[in-house]
Student: 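Have a look at this one before I ask anything.
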Amino acid sequence: VERRFEETFGAVQQHFADVAETLFPGGEGRLRLSEPDEDGPDDGSEPGVEIELRPAGKRVTKLSLLSGGEKALGAISFLFALFLARPCPFYLLDEVEAALDDTNIGRFVELLRRYADRAQFIVITHQKRTMEAADSLYGVTMGADGVSQLVSRRVPRASRQAAVA
Amino acid sequence: VERRFEETFGAVQQHFADVAETLFPGGEGRLRLSEPDEDGPDDGSEPGVEIELRPAGKRVTKLSLLSGGEKALGAISFLFALFLARPCPFYLLDEVEAALDDTNIGRFVELLRRYADRAQFIVITHQKRTMEAADSLYGVTMGADGVSQLVSRRVPRASRQAAVA
Amino acid sequence: MHLSAIKLRGFKSFPEPVEVRLERGVAVVVGPNGSGKSNVSDALLWASGSLSPSELRAEKPDDVLFAGAAGRPAADWCEVELLFDNADGQFTELEFSEIAITRRLHRGGEGQYLVNKATVRRTDLVELLADVGLGGGHSSVIGQGRVEEILSSKPEQRRALLEEAA
Amino acid sequence: MHLSAIKLRGFKSFPEPVEVRLERGVAVVVGPNGSGKSNVSDALLWASGSLSPSELRAEKPDDVLFAGAAGRPAADWCEVELLFDNADGQFTELEFSEIAITRRLHRGGEGQYLVNKATVRRTDLVELLADVGLGGGHSSVIGQGRVEEILSSKPEQRRALLEEAA
Ligand SMILES: Nc1ncnc2c1ncn2[C@@H]1O[C@H](COP(=O)(O)OP(=O)(O)OP(=O)(O)O)[C@@H](O)[C@H]1O
Ligand SMILES: Nc1ncnc2c1ncn2[C@@H]1O[C@H](COP(=O)(O)OP(=O)(O)OP(=O)(O)O)[C@@H](O)[C@H]1O
Ligand SMILES: [Mg+2]
Ligand SMILES: [Mg+2]
């Protein structure tokens with residue numbers, strides 16, 4: 001079990017650095033195991049997982065001092081790192097990009113498209129830019145009758161061929 | 001003191017209903033004082049302030065079941081109700097509209113414009129539609145040097161004359 | 001292993017039977033505030049066996065039953081079905097190519113769980129989902145407003161997430 | 001009573017002296033993620049006497065000092081000044097038409113508070129701000145990600161907000 005954790009951690013650590021590179025271009029992110037008494041009253045037996053983020057142009061910043069958008073990007077990096085190391089069949093993300101500006105939403109969309117064939121992503125959003133990630137769109141509406149309705153349509157992705165070419 | 005609370009509550013209650021009418025058109029919001037043992041282990045001496053919201057077309061909904069956007073609108077209604085009853089000289093709102101869709105941002109902007117002469121509103125946002133509320137815009141940027149810069153400009157509001165006419 | 005459909009009836013703002021057919025690729029759910037998007041997410045969590053009403057923004061288990069609206073009475077029961085396409089054989093114990101996981105609740109009653117129409121205990125259902133990498137702390141469902149929790153959580157909690165995934 | 005300017009130096013991502021001149025009307029602050037918008041909000045709270053680092057997303061008081069960046073050393077001290085235009089005479093004890101509230105901090109040291117360049121105790125400053133309807137629980141500053149707290153708070157907590165405002 002200890003061995004499996006180390007393998008998992010190694011994989012997550014590598015993927016975290018990679019994904020952080022996409023979400024923080026020019027910056028970096030890394031995971032490390034905490035020192036024995038780093039976090040105060042530690043039972044000392046099991047080190048925790050520390051996250052370090054250095055957005056572009058800045059020094060490594062204490063997590064609490066990061067901006068709302070930077071925290072969201074850091075969390076998304078961790079989530080994708082877990083996924084790439086130990087994939088679940090599907091992921092449901094409900095408005096995880098709410099704090100992101102348009103440029104960062106674009107990077108989030110790029111991440112979804114890059115791994116679209118490795119897991120099933122279901123993304124709930126009210127942001128237009130996020131719709132660019134879609135292969136299928138599901139429109140939910142509620143009429144004056146208090147009942148939710150749903151319509152869906154497939155989104156042709158001709159642009160993807162162009163992007164890949 | 002007790003008397004002052006009752007007067008304040010009366011005023012906040014009235015304003016809450018009014019503001020909720022703007023943010024939930026076709027719906028309603030109301031404040032009430034809770035019953036003596038409504039909230040469990042109550043010392044019984046001081047009733048708390050209960051919030052009830054009924055978005056358009058729906059029944060009065062338990063607060064927890066409301067959507068992210070509806071909760072934000074309810075909170076903004078309460079904040080404005082407090083302000084209208086007992087104004088503070090300025091309000092700083094940091095991304096309070098993050099959960100709102102474009103239509104609801106428009107209603108929030110309408111609220112800011114309506115009361116712009118009664119208090120000083122400083123609104124932080126990354127949403128384009130919220131910029132429509134501005135008399136002055138303050139652009140913050142950070143270069144590759146990790147240092148924040150600020151530029152500002154006044155926004156002519158010719159459209160306001162047209163809207164008022 | 002692909003989630004091919006979510007079927008809801010009587011659940012939150014979906015009184016009528018509604019089927020969300022999920023195609024291959026990235027699915028993006030859009031709509032105005034309060035339209036019912038997060039309710040679909042709640043349905044997915046509920047059908048996978050959630051025992052915590054607060055996880056679904058509810059206070060009591062019955063809160064997920066359609067509460068009624070203009071001219072429409074409250075629902076007496078609700079049901080959510082998750083349809084999995086097992087074409088790649090990832091569900092090893094079962095030899096079906098399609099797996100339907102259903103949860104049903106009658107107002108004031110106990111929940112009921114079914115796998116391919118056969119009644120099962122909740123623990124069987126949760127175990128089945130866990131075998132395929134679902135359930136188990138739901139780390140694959142990130143609820144609205146909850147994305148930053150990973151960063152504000154303690155290092156020990158993040159370790160727990162990794163151990164679960166390992 | 002109008003907040004006419006916020007001046008920052010050495011505070012968080014503002015090492016150089018920067019002045020935010022606030023005109024009459026609605027001020028909208030925009031910019032990319034991480035550019036420094038919320039840091040301006042933190043400066044306002046800090047200058048009004050905040051004693052809780054977590055309220056400013058900090059862990060220790062010295063965290064608000066500019067930490068250094070490429071080719072630029074960390075700041076040894078920082079200062080934030082809030083300039084109020086008292087043209088309507090709302091600050092009753094003082095007969096100034098303009099009031100400058102300043103807070104200064106040296107790394108590893110105690111904070112310093114000034115009103116119109118005169119050193120005061122923090123309690124005097126807080127009282128002055130309270131008289132004009134500021135401070136006191138900061139209900140007029142809603143921090144990022146915190147708007148929903150009003151709804152998720154207990155009825156007793158909301159009552160407290162009202163009592164404070166009354
Ligand atoms: N048991 C129920 N019966 C009827 N309606 C319900 C029930 N539970 C929740 N609702 C309704 O569902 C709505 C919330 O839906 P949901 O949270 O899915 O919205 P959303 O599309 O995610 O919106 P947002 O973009 O604001 O997050 C509420 O307005 C509520 O009235
Ligand atoms: N003491 C400090 N010294 C230097 N830089 C700092 C300090 N404290 C915070 N920062 C930097 O300020 C940035 C955060 O700024 P801020 O929270 O104001 O961003 P924001 O414009 O509100 O972004 P968002 O739109 O994502 O909320 C962080 O990247 C952090 O590196
Ligand atoms: Mg939602
Ligand atoms: Mg911010």
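This one's a predicted model, so the numbers in the text were calculated from it and none came from an experiment. Within every chain, numbering begins at 1; the chains are lettered A, B, ... in the order of the sequence lines, protein sequences first and strands thereafter.
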Student: Identify which of B/Ala98, B/Gly68, B/Gly139, B/Ser148 forms the greatest number of heavy-atom pairs closer than 4.5 Å to chain D.
Tutor: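 The option with the most such pairs is B/Ser148.
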
Student: Can you say whether B/Leu31 sits under 4.5 Å from chain D via the side chain, the backbone, both, or neither, judging by heavy atoms?
Tutor: neither

Student: Between D/Arg21 and chain B, which part of the residue has a heavy atom less than 4.5 Å away: side chain, backbone, both or neither?
Tutor: backbone

Student: Flag the pair B/Glu110 and B/Arg113 as a salt bridge only when some basic side-chain nitrogen lies within less than 4.0 angstrom of an acidic carboxylate oxygen.
Tutor: no

Student: Would you mind telling me which of B/Ser64, B/Ala72, B/Ala11, B/Ala133 has the largest number of heavy-atom pairs within less than 4.5 Å of chain D?
Tutor: B/Ala133

Student: Please check if any side-chain donor atom of B/Glu95 sits under 3.5 Å from a side-chain acceptor atom of B/Thr125, or the reverse.
Tutor: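 B/Thr125 and B/Glu95 do not have a side-chain donor-acceptor pair below 3.5 Å.
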
Student: Checking D/Leu44 against chain B: side chain, backbone, both or neither under 4.5 Å from a heavy atom?
Tutor: side chain

Student: Side chain from CB out, backbone as N, CA, C, O: work out which of these in B/Leu150 comes under 4.5 Å of a heavy atom of chain D, or both, or neither.
Tutor: side chain

Student: With chain B, which of D/Ala70, D/Ala165, D/Ala69, D/Ser152 has the greatest number of heavy-atom pairs at distances under 4.5 Å?
Tutor: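 Maximum pair count with chain B is reached by D/Ala165.
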
Student: More than 12 heavy atoms of other residues, nucleotides or ligands under 6.0 Å from CD of D/Gln157: yes or no?
Tutor: yes

Student: Name the region of B/Ile51, side chain, backbone, both or neither, that has any atom closer than 4.5 Å to a heavy atom of chain D.
Tutor: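 The answer is both parts of B/Ile51.
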
Student: When heavy-atom pairs shorter than 4.5 Å are enumerated against chain D, which of B/Thr8, B/Leu66, B/Leu93, B/Val123 gives the highest number?
Tutor: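 Between B/Thr8, B/Leu66, B/Leu93, B/Val123, the count favours B/Val123.
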
Student: B/Thr22 and B/Arg114: side-chain donor and acceptor closer than 3.5 Å?
Tutor: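 Yes.
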
Student: Between B/Tyr91 and B/Tyr115, does a ring pair (Phe, Tyr, Trp, His ring centres under 6.0 Å) hold up when you go through it step by step?
Tutor: CA-CA 12 Å; B/Tyr91 291 86; B/Tyr115 299 119; over 10 Å; no

Student: Please flag which part of D/Glu19 lies under 4.5 Å from any non-hydrogen atom of chain B: side chain, backbone, both or neither.
Tutor: backbone

Student: At what distance, to the nearest 0.5 angstrom, does CG of D/Leu151 lie from CG of B/Leu63?
Tutor: 5.0 Å

Student: Any idea which of D/Ser35, D/Gly145, D/Gly31 has the most non-hydrogen atom pairs under 4.5 angstrom with chain B?
Tutor: D/Ser35

Student: Take a 6.0 Å sphere around NZ of D/Lys154 and say whether it holds more than 12 heavy atoms from other residues, nucleotides or ligands.
Tutor: no

Student: Answer yes or no: is there an ion pair linking D/Arg103 with D/Glu79, defined by an N-O contact shorter than 4.0 Å?
Tutor: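 No salt bridge links D/Arg103 with D/Glu79.
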
Student: Under a 4.5 Å heavy-atom cut-off, does chain D meet the side chain of B/Val12, its backbone, both or neither?
Tutor: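 Just the side chain, heavy atoms under 4.5 Å.
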
Student: When heavy-atom pairs shorter than 4.5 Å are enumerated against chain D, which of B/Leu112, B/Val155, B/Thr141 gives the highest number?
Tutor: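 The option with the most such pairs is B/Thr141.
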
Student: What are the two closest heavy atoms between D/Ser38 and D/Arg57, and how far apart are they?
Tutor: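 Looking at all heavy atoms of both residues, the shortest contact is CB-NH2, 3.4 Å.
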
Student: Against chain D, work out which of B/Ser136, B/Gly146, B/Ala144, B/Gly74 has the most heavy-atom pairs shorter than 4.5 Å and name it.
Tutor: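 Most heavy-atom pairs under 4.5 Å with chain D: B/Ser136.
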
Student: Give a yes or no on whether a salt bridge exists between D/Arg158 and D/Glu163, defined as a side-chain N under 4.0 angstrom from a carboxylate O.
Tutor: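 No, no charged N to carboxylate O under 4.0 Å.
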
Student: If you count heavy-atom pairs under 4.5 Å with chain B, which of D/Gly71, D/Gly25, D/Ala27 comes out on top?
Tutor: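 So the answer, after comparing D/Gly71, D/Gly25, D/Ala27, is D/Ala27.
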
Student: Using heavy-atom distances under 4.5 Å, tell me whether B/Leu82 contacts chain D through its side chain, its backbone, both, or neither.
Tutor: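 Only the side chain of B/Leu82 comes within 4.5 Å of chain D.
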
